Amino acid sequence: MAKELTSRAENYSQWYNDLVIKSDLAENSSVRGSMVIKPYGFAIWEKMQAALDKMFKETGHQNAYFPLLIPKSFFSKEASHVEGFAKECAVVTHYRLKTDENGKVVVDEDAKLEEELIIRPTSEAIIWDTYKNWIQSYRDLPLLINQWANVVRWEMRTRLFLRTTEFLWQEGHTAHSTREEAIEEAELILDIYADFAEKWIGVPVLKGLKSPNERFAGAVETYCIEALMQDGKALQSGTSHFLGQNFAKAFDVKYVTKENKLEYVWATSWGVSTRLMGALVMAHSDDNGLVLPPKLAPIQVVIVPIYRKPEQMEAIRNKVDVITSNLKARNISVKFDDRDTFKPGYKFAEWELKGVPVRLAIGPRDLENETVEVARRDTLEKEVLQMEDIAEKIEHLLEKIQDNIFQKAFSFRDNSTFYVDTWDEFKIQVEKGGFMWAHWDGTPETEQKIKDETKATIRVIPFDGKGEAGKCVFTGKPSERRVVFARAY
RNA sequence: CGGGGUAUAGCGUAGUCCGGUUAGCGCGCCUGCUUUGGGAGCAGGAGGUCGCAGGUUCGAAUCCUGCUACCCCGACCA
């Protein structure tokens, strides 16, 4: 294992890359733009999945699975949807390989598909084509389906977790009988996402609407949660779309009302992806490595023995067995690092790099005094505690850590949030990073011009935005409320 | 897709300009002994089609031609 991590101050983006690789979350694969998620990283993703999946099910959603390959013609049905994704679709054109005269494997040109298949960049098309058959009556509604899947978007430039060619996500697709109910659904999901981000990942988020420029292709309204990373850039962390009747009309999905009238259904779609892993890494970690929120850490407590002789190790092991079973009884995941091939100092550094929230060290001194050294990853503080009720103390400590990293991220965001009223201020602040609450005249043209000049976009039109009126920071035209600008990932 | 760069062991690199013994070093890996409260030390060892394909030459990691892949900066994006 390499010893040094690039520091955040030195090169934030290098730090992020180093950290993801060195902490064993993921690595680049031999496939352009696609990563291998390694067991340690995947364990975190599985915990995210489990928590979200539970929340979806508790709110009446069911999981299903739809095909990876989508006939090309399906994409031409919703015009703005195609336009949004056309430039980044992988296309399957043949179904067979053969060996040529030089012994090389080549595509068999005789095996050309009648109609090309698109590897899903998102599943609206195939799902709405299916829903057409599932929905006839108001009794079939609402239809609340979620899918855990992989999708492919042929991005120009990729970064581990933040943007990869193939990524894992969940996508919810719901159908409703009224506009109001669909909007309610989109908002409900947004609340779930925000809750998950804050209570599990420990990342505070702003909730609100996207501006028209940033809206999902085919949506009437896009809701989002937006987080702020340590380098002052924003990360869109989840989106929930109110699709109106766009997809119902494109795929001809109608239902009969109680009054025996034929109506198009109302729709939503919503998703979060492995990008959340990127948010997790960038929000809390430091120059020593990952800092994982206890609720998502694959290993919550690691125990490092300190010993010289085999007899000491045995005495420690006996003590550790007791602690371990007490912790497990409280649903706390523990690892006893009894590898005899590494010294304690090495192990301390390694588990720090991997972000394990709590580390216990037990040596001869502790056995003698009935104590244990407890180190917390978030603050790097160490203290020696009495062994009595240790499991309970650790359980409380984990809660405290979960809370502390959220608070820390919250005050970071607070200190990186600015009210900006003039264009000069805007241009200066944008270089420093952070969320900028500014007035905007509401036109896509102005947003585009601001983006062209500063690379900053409207990240979110927040729900809790103060209703105060003002003048657009760029054009000086009247504005009803402030919106949040930032440079984004 | 535009601009720039790189390709040598699992990883990071020296050597390339100016061709010449057996391609060197660090990390990691293997074996042994000593070590263990913040990234151990010593000794020994294994590991290389020098990105691919041609060419020049007595001789190519090094020079020439073509190809490929990857990285960085833009435009695009969850």
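Letters go in sequence order (proteins before strands), and every chain restarts at 1. The structure displayed is predicted, hence computed values, not measured ones.
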Worksheet entry | Whole-Å P distance, B:C17 and B:U65 | 14 Å
Discussion item. Once you measure the plane-to-plane angle for A:W128 and A:Y131, does it fall in the parallel (<30°), tilted (30-60°) or perpendicular (>60°) bin?
Written reply: perpendicular
Item to complete: Take atom C1' in B:U49 and the same atom in B:C72, then report the distance between them in whole Å.
Response: 29 Å
Item to complete: Assign A:S13 to base, sugar-phosphate, or nothing according to its heavy-atom contacts below 4.0 angstrom with the strands shown.
Response: nothing
Worksheet entry | C1' atoms of B:C42 and B:U22, separation to the nearest Å | 27 Å
Discussion item. With a 3.5 Å cut-off and heavy atoms only, can you find an N or O donor on one side and an acceptor on the other between the side chain of A:R308 and the base of B:G37?
Written reply: no
Item to complete: Would you mind telling me which of A:Q236, A:Q448, A:K210, A:E447 makes a side chain to side chain contact (heavy atoms under 4.5 Å, CB included) with A:T457?
Response: A:E447
Response to the item:
If pairing means Watson-Crick or G-U wobble with both distances under 3.5 Å, then the partner of B:G44 is B:C30
Discussion item. Parallel, tilted or perpendicular: which one describes the rings of A:W169 and A:F167, with boundaries at 30° and 60°?
Written reply: perpendicular
Discussion item. What contact category does A:E155 fall into here, base, sugar-phosphate, or nothing, at under 4.0 angstrom with non-hydrogen atoms?
Written reply: base
Discussion item. Base, sugar-phosphate or nothing for A:F216? Non-hydrogen atoms, less than 4.0 Å.
Written reply: nothing
Item to complete: Establish whether the base of B:G37 is bridged to the side chain of A:K343 by a donor-acceptor pair shorter than 3.5 Å.
Response: no
Worksheet item: If you measure from the ring centre of A:W169 to the centre of the six-membered ring in the base of B:A78, is it under 5.5 Å, with the planes under 30° apart?
Response: no
Item to complete: Determine which nucleotide pairs with B:G12, using a 3.5 Å limit on both distances of a Watson-Crick or G-U wobble pair.
Response: B:C25
Practice prompt. Could you measure between the two C1' atoms, the one in B:C11 and the one in B:G37, and give it in whole Å?
Written response: 31 Å
Worksheet item: Is there a donor on the side chain of A:E350 or the base of B:G39 sitting less than 3.5 Å from an acceptor on the other?
Response: no
Worksheet item: Taking the six-membered ring of A:Y489, is the NZ or CZ of A:K233 close enough (under 6.0 Å from the centre) and on axis enough (within 45°)?
Response: yes
Worksheet item: How far does the C1' atom of B:C1 sit from the matching atom of B:C58, given to the nearest Å?
Response: 47 Å
Practice prompt. Can you tell me, in whole Å, how much space there is between the P of B:G24 and that of B:G74?
Written response: 41 Å
Worksheet entry | Distance below 4.0 Å between A:R365 side-chain N/O and B:G37 OP1 or OP2 | no
Item to complete: Could you please name the partner base of B:U65, counting Watson-Crick and G-U wobble pairs only when both distances are under 3.5 Å?
Response: B:A53
Worksheet item: With sugar-phosphate meaning primed atoms plus P, OP1 and OP2, does A:P305 contact a base, only sugar-phosphate, or nothing at under 4.0 Å between heavy atoms?
Response: nothing
Practice prompt. Could you measure between the two C1' atoms, the one in B:A75 and the one in B:G38, and give it in whole Å?
Written response: 47 Å
Worksheet item: Aromatic rings A:F56 and A:Y193: how do their planes relate, parallel, tilted or perpendicular, breaks at 30° and 60°?
Response: perpendicular
Item to complete: Tell me, with the steps shown, if A:K319 and A:E370 meet salt bridge (charged side-chain N to carboxylate O under 4.0 Å, His left out).
Response: CA-CA 10 Å; A:K319 188 57 90 180; A:E370 276 293 307; 2.9 Å; yes
Worksheet item: A:L235 near the nucleic acid: base, sugar-phosphate alone, or nothing, with a heavy-atom cut-off under 4.0 Å?
Response: nothing
Discussion item. Strictly by Watson-Crick or wobble contacts shorter than 3.5 Å, is anything paired with B:G2, and which nucleotide is it?
Written reply: B:C73
Discussion item. In whole Å, measure the gap between the P atoms of B:U8 and B:C50 for me.
Written reply: 11 Å
Worksheet item: Nearest of B:A78, B:G37, B:A75 to any side-chain atom of A:S273?
Response: B:A78
Discussion item. With a 4.0 Å limit, can you tell me whether A:K347 has a side-chain N or O closer than that to the phosphate oxygens OP1/OP2 of B:G37?
Written reply: no
